[in-house]
Amino acid sequence: MNLSLTPLTVRANRLMQRWGVHPQDRKAPASGTAITPLPLPEQLILPLSQHIGSPARPVVPSGARVLRSQLLATAQGRVSAPIHAPTSGTIVAINSAPIAHPSGLTGPVMVLEPDGLDQALASEAVDPFTLSPAEIAERVAAAGIVGMGGATFPSAVKLGLGHNQPIQTLVLNGGECEPYLSCDDRLMQERPEQVIDGGRIIRHAIGAERIVIGIEANKPAAIAQMQAAARDFPEISVIKVPNRYPMGSEKHLIAWLTGQEVPSTKLAADIGIVVHNVGTAAAIHRAIRWGEPLTQRIVTVAGGAVRTPLNLEVRLGTPVSALIEFCGGLVSEPARRVMGGPMMGIAITSLHVPIIKGSGGVLMLTEAEIKPAAAATPCVRCSACVSACPMGLLPLEIVARVRSNDLAAAQELGLKDCISCGTCAFVCSSGIPLVQYLNHAKGELAANERDAKKQAELRALAEARSERLQREARAKAEAAAQRKAERERARAAAKAAAAAKKAEKAEQNPA
Amino acid sequence: MLSATLSLASLGLIFGLILGLAARLFHVETDANTAEFEADLPGTNCGQCGFPGCAGAAAALALGQASATCCPPGGKIVAQALAARLGVVLDANAVSTQPMVANVHEDICVGCTRCIKVCPTDAIIGAMKQIHAVVGDACTGCAQCEPVCPTGAIRTVPVTVTVGTWVWPRPAAA
């Protein structure tokens, strides 16, 4: 229930955990504002790829009239998620548009023009505890729910995983360690019963024994509300965790709460733990209890350049510009526009990019709020990045390998364990963009793996073709030989017949 | 009839014997290295390296007459594999070849199927008098289809970067 019940081993383990950094949290003033629904914008831009995995495939044509909660695009493959209409209206286009991606490239989208009526499909409400775990996973998949903390991994996959290990613990992640963001804080303060009920539904689906909810200490109101809502459920404990970035990382929250470490290249499920974000739990509650697919989320609009920072409940697909406008517009030209948190968020260039399932924040940061873009100086080997790295890696050494193009050596030093949290770049006294090097290297590794797979497939295709050509040539030669043999045989038969006739004639006229 | 059959058969026998003997007498030992290099190459025999097919390129590599970056359709992966086998360090930036993919200009494709016949990976689909299309995932960008096209409808173009294939750029010098 509280810290006094925490086993001594776990407490000792916590003393050993020296990772992370303490950025100024800057949660106020947005964290003090209640969740406000944002009015419908003129247009909703719905990217087909709002999740990790294969993009969704559109199932309604351009020009079709759709109702709220209607399926617009269906999941493709095992790791994917469907997309539903956030309101009623007309699909006016299925094309490409700018999306929130570090590359600034466009991606496939469906454009929905709301009709303002907001008519919904009839929804079905059920009691989740009468459903089987498989049925819950199915409903969560059909509702298009993905990890709302920003990772956007399809939640149903985590519910339905063929766990080779029984799951003992469900961890609900209320860490929200990114500065500025307070969407989870407000959710836990204002709708704690939704989070708790969602957690109980997930627990029922995965068969976990207990639920542990970790919340950072800078959210006392959320902790109090959640503890009050969880009072009737002995299997739930709400635990205060210290403010430290990246406490909201799955592996680090697990280590802090349970003292267990997720092994390299393994999943949390491999040690009997499943982690879901509190926002995901609330979305699962709505999907199962109310039959409502994921079509809206809470977004923190903050940063020094925003007139009145707020927490807004936004329909997915709403362009960032509509949020900024509702918050009173900009007081100054932002030095950096970010979707997500300031540590791991995506810098966006256009305000037309839409809010997607994983967008927890929209930040308009002034020059004073960002790290000055001073030119990087050589590494002085102070090892600040090593002390700060939450994964216990040696960022300076890995980056030295990356800079000399030795990806294999970088991989040996644990490049693949890097979670791209940006802690190393945050503490670097020389201003070296360490995390960009690491992201670049991880991207190159992934691209190389893709290329190697393609080369192997191409080789197989080329071999199959040459085999086929040989087979065809052989078949042709055999057919020719057979025809020739048949001709010979026919000729021989004709000859024999002629000879027999001749002999017969000779017999008939012996004289 | 019999004499003709016999004479042809005996001719065949004699020539076969000569060929067989010649194969034994003038046998060329293929380098084991050549086979290894050939296994690293795409096997599509496109000839963009300037050698007669992948076997030719493999032989040139074994003799040290070709560089690790000789195979444009193979791209970085093949270059790295060859460099590892040659024991040389590959400068990643030396492989500047842009990956290519064939693309059919649908307005001028006449559906002659000539490109389909030369494609080493069967990456082109279509039929007589039907517009052809390229399966991008199966195309090596070897450009063998370009010269056979009577209307210039098939061309190799640089692969466009999508959100799925984009990679974080290297930070500018630091």
Side-chain angles (χ1 to χ4, degrees), chain A residues 47 49 54-55 99 101-108 375-379 399 402-408 420 425 430-466 468 488 491-492 495, chain B residues 1 5 38-46 53-55 71 73-84 89-95 99 101 116-124 135-142 144 159-174:
Chain A
S49 202
S54 334
I99 55 170
H101 191 269
S103 63
L105 291 169
T106 59
T377 52
C379 173
V399 167
V402 174
R403 285 175 65 168
S404 61
N405 288 316
D406 194 350
L407 283 184
S420 298
S430 296
I432 301 170
L434 290 159
V435 70
Q436 274 86 332
Y437 277 107
L438 294 169
N439 279 340
H440 162 71
K442 285 197 286 183
E444 284 287 307
L445 269 188
N448 286 355
E449 275 167 24
R450 268 200 308 271
D451 283 357
K453 203 169 148 233
K454 184 174 176 185
Q455 284 298 336
E457 282 167 3
L458 289 176
R459 191 194 307 281
L461 279 173
E463 276 164 14
R465 178 172 188 266
S466 68
R468 193 190 68 223
E488 299 264 304
R491 206 173 295 155
K495 221 177 199 174
Chain B
M1 170 69 204
T5 312
E38 207 179 337
D40 283 339
L41 290 165
T44 49
N45 299 323
C46 70
C54 291
C71 177
K76 215 188 305 181
I77 284 298
V78 168
Q80 274 166 354
L82 294 178
V89 176
L90 187 72
D91 182 7
N93 304 325
V95 197
V101 67
I116 295 178
K117 285 175 193 137
V118 297
C119 179
T121 54
D122 291 332
I124 308 170
V135 179
D137 284 342
C139 174
T140 61
C142 72
Q144 286 191 75
V159 175
T160 47
V161 178
T162 65
V163 170
T165 57
W166 179 83
V167 173
W168 272 94
R170 246 173 108 83

Can you tell me which portion of [X] sits under 4.5 Å from chain B's heavy atoms? Options are side chain, backbone, both or neither.
| X | result |
| --- | --- |
| Ser466(A) | neither |
| Leu407(A) | neither |
| Ala447(A) | side chain |

### Query
Measuring from Glu444(A):CD to Lys76(B):NZ, what's the distance to the nearest 0.5 Å?
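Atom-to-atom, Glu444(A):CD and Lys76(B):NZ are 3.5 Å apart.
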
### Query
Should we count CG of Asp122(B) as having more than 12 external heavy atoms under 6.0 Å?
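More than 12 heavy atoms, drawn from other residues, nucleotides or ligands, come within 6.0 Å of this atom.
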
## Note on the structure
Assert top hit (heavy-atom pairs under 4.5 Å, partner chain A, pool Pro120(B), Ala123(B), Gly43(B)) equals Pro120(B)

### Query
Do you know which of Val161(B), Thr162(B), Asp40(B) has the most heavy-atom pairs with chain A at a distance under 4.5 angstrom?
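When all of Val161(B), Thr162(B), Asp40(B) are compared, Asp40(B) has the most.
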
### Query
What residue pairs, at least two apart or across chains, pass side chain to side chain donor-acceptor pair (under 3.5 Å) with a residue in residues 447-462 of chain A?
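Residue pairs with at least one partner in residues 447-462 of chain A: Lys416(A)-Glu449(A).
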
Exercise: identify the closest heavy-atom pair between [X] and [Y]:
| X | Y | value |
| --- | --- | --- |
| Ala138(B) | Leu461(A) | CB-CD1, 3.5 Å |
| Pro42(B) | Ala462(A) | O-CB, 4.3 Å |
| Thr106(A) | Val163(B) | O-CG2, 3.6 Å |
| Gln436(A) | Trp168(B) | CG-CZ3, 4.3 Å |

### Task
Under the side-chain contact (heavy atoms from CB on, under 4.5 Å) rule, collect the residues that match up with Leu41(B), sequence neighbours excluded.
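Leu41(B): side-chain contact (heavy atoms from CB on, under 4.5 Å) contacts with Cys54(B), Ala57(B), Ala58(B), Leu61(B), Cys71(B), Val78(B), Leu82(B).
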
### Query
For Thr44(B), does its backbone N or O pair with a side-chain atom of Arg465(A) as donor and acceptor, under 3.5 Å?
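Between the backbone of Thr44(B) and the side chain of Arg465(A) there is no qualifying donor-acceptor contact (under 3.5 Å).
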
### Message
Quick check: do Asn405(A) and Arg170(B) have side-chain heavy atoms less than 4.5 Å from each other?
### Response
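Result yes, sub-4.5 Å side-chain heavy-atom pair found.
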
### Message
Need one label for Pro169(B): side chain, backbone, both or neither, based on atoms under 4.5 Å from any heavy atom in chain A.
### Response
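For Pro169(B), backbone heavy atoms alone lie under 4.5 Å from chain A.
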
